[in-house]
Amino acid sequence: MSSELFQHEGQIEMSENDLNNISRTNWEALESISNDEIDYSDIPPLTDEFFEKATLRIPAPVYNLARSPDLKFM
């Protein structure tokens with residue numbers, strides 16, 4: 001079913017022009033199926049070994065100094 005819903009597979013590089021393109025996702029088909037109808041057969045289940053090796057990474061906050069008048073410098 002995924003080939004009906006999405007026309008692209010894998011990673012694609014985006015450019016500024018891509019921001020103006022219309023999505024090629026078949027939203028009507030996607031919205032018409034229930035969660036039980038989604039085919040997950042190509043996604044392997046997550047094992048205990050996966051979670052033993054997993055690391056939670058929380059990115060540091062990014063500050064825009066040009067727009068943060070409340071930041072004080074020493």
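- One hydrophobic cluster, built from ILVMFWY side chains closer than 4.5 Å, holds both I38 and I43.
- Legend: salt bridge (Lys or Arg N to Asp or Glu O under 4.0 Å) pairs involving residues 44-59, not counting sequence neighbours, sorted by first then second residue: E49-K53.
- A donor-acceptor contact under 3.5 angstrom links the side chains of S41 and D39, judged on distance only.
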